[in-house]
2 protein chains.
Amino acid sequence: MPPAARQERADAARNRQAILRATEELLAEHRPEEISMERVAAAAGVGKGTVFHRFGSRTGLMRELMLQRVLALHEQVTDGPPPLGPGAPPRDRLLAFLDAVAAVLGRNKRLMAALGHAESTERQGGDRHGSQDAHADRSPGSVYSFWHGHIAGLLAEANPELDADLHAYLIIAAFHSPAVLDLLDAGEADRLARALRRSAAALLDAPGSE
Amino acid sequence: MPPAARQERADAARNRQAILRATEELLAEHRPEEISMERVAAAAGVGKGTVFHRFGSRTGLMRELMLQRVLALHEQVTDGPPPLGPGAPPRDRLLAFLDAVAAVLGRNKRLMAALGHAESTERQGGDRHGSQDAHADRSPGSVYSFWHGHIAGLLAEANPELDADLHAYLIIAAFHSPAVLDLLDAGEADRLARALRRSAAALLDAPGSE
DNA sequence: ATCCGAAGTGGACCATGGGTCCACTTCTGT
DNA sequence: ACAGAAGTGGACCCATGGTCCACTTCGGAT
């Protein structure tokens, strides 16, 4: 079940889990900016050094957690059945994907906010870490790069005359927005899903030029 | 020319200007996170204490600067001629407004990023400041609350059956997005304007339900 | 002109929190 | 059982936002 047992000592894996779990718990009842790395370490019952050793940075930790939460969705998208998976027409896939993302977001608003917070306050120091993280195939781009690629691809396929790349960014921008995240926090995930679907549908159904 | 002379001593006003100007200059050639308050103070030739005395916090400083940059637009919207000002049909006003905002953004990407950065890293300490700022009628909401109100209003007017509030947030979300801000930094303001117009137009022209 | 209280000032100082270091401990393959 | 690799923890470093307050400067009243 753990990412990769081949190269991580048993105790290390245990600690990694403890840290991840502790972070989740903290995230469940505190706002991101109240969660210092020191607190995470304490909650996990390990030293601060261990946390950094495992995850490199605050961003790394949040990223890893996010990756976990999102993996299932990615699999559904690439290998699953339509309309999420391949096979359905792009318009349907896009709408389904937006629904799915909204749902994931609804379950992880706090994490999302925490990731945003972490990335925005990241020190620009050297990338000392070898980025030999478990399943981090695309280290630089965050989790969203997958989403962006998927959305942009579908948009382009469904309506080649669109600036798919930018429109994809526009859609993803919603997930960074404090206002939207607050909304999610109030349990309005389905409302967001509706609006997202509607925007996308409108975009695809609209007439050719302006 | 300065906001309010009635209650601010001449030397204070001079310093305020110096600080604002220094911030602009720094913003012109450095990324937001490289600009510490201490640096701002030094560049303005004043003490750190003065900066905080005048603006309360990093966020306050950026906010004030932003407010300045955006004031003209707000006046055009409330008092100016159509299509930006009142009088034109909402659809036209909205499209014009999005164009205008994109233009303003294009000229102030760095500031925008800096504001975002400041807000996201804000300490949640007590609001010691009396918020007796010059033209800060809506202290809590940031600069965007005006935009949100305007956009939501126009959306609702043009298509009452829409979730105008949320869609307005969705549009504004674009302005927080790092990806979009980067794009602006590459001088693609008009590209953004086009995409924004297109999204909004699609939304308004779309069929009733879905 | 002078005076005096209010307003303003600057920089030492504080607290916080991310990240680094490294002597020490614990695994694990042989 | 051992050796060396892997892992650990918490003292430490340092950048930065923000506070404090003794001191200076204004500017209206006399």
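Quick note on labels: first sequence line is chain A, next is B, and so on, each numbered from 1.
- Listed by chain and residue number, Arg9(A) satisfy the side-chain hydrogen bond (donor to acceptor under 3.5 Å, both in side chains) test with Asp11(A) (two or more places apart in sequence, or in another chain).
- Rounded to an integer number of Å, the gap from Glu8(A) CD to dA6(D) P is 12 Å.
- When atom types are taken as modelled, the side chain of Arg198(A) and the backbone of Leu162(B) share no donor-acceptor pair closer than 3.5 angstrom.
- Each of Val46(A) and Glu38(A) lies near DNA chain D, and the nucleotide nearest Val46(A) is the one positioned closer to the 5' end.
- Looking at heavy-atom distances under 4.0 Å, Ala10(A) makes contact with sugar-phosphate atoms alone, never a base.
- A straight line from CG of Asn15(B) to C1' of dT25(D) spans 11 Å, rounded to a whole angstrom.
- Atom C1' of nucleotide dT20(C) and atom NE2 of His53(A) are separated by 13 Å, given to the nearest angstrom.
- Note: CZ (Phe52(B)) to P (dC14(C)) measures 17 Å, nearest angstrom.
- For dG8(C), the OP1/OP2 oxygens have no side-chain nitrogen or oxygen of Arg9(B) closer than 4.0 Å.
- Between the Arg63(B) side chain and the Phe55(B) main chain, no donor and acceptor come within less than 3.5 Å of each other.
- A search for ring-ring contact (aromatic ring centres under 6.0 Å, His included) contacts involving His167(B) returns nothing, not counting sequence neighbours.
- Listed pair Thr50(A) / dG7(D) fails the phosphate criterion, with no side-chain N or O lying under 4.0 Å from OP1 or OP2.
- As a whole-Å value, the separation of Leu61(A) CG from dG19(C) C1' is 14 Å.
- Atom NE2 in His117(A) sits about 12 Å away from atom C1' in dT16(C), given to the nearest Å.
- Between the CZ atom of Phe55(A) and the C1' atom of dG18(C) there is a distance of 16 Å, given to the nearest Å.
- Ring planes of Phe97(A) and Trp147(A): perpendicular class, angle over 60° (limits at 30 and 60°).
- Comparing Asp11(B) and Met37(B) against DNA chain D, the residue whose closest nucleotide sits nearer the 5' end is Met37(B).
- Distance Arg58(B) CZ to dA15(D) C1': 12 Å, rounded to the nearest Å.
- In this structure, Arg54(B) reaches the dT9(C) phosphate: one of its side-chain N or O atoms is under 4.0 Å from OP1 or OP2.
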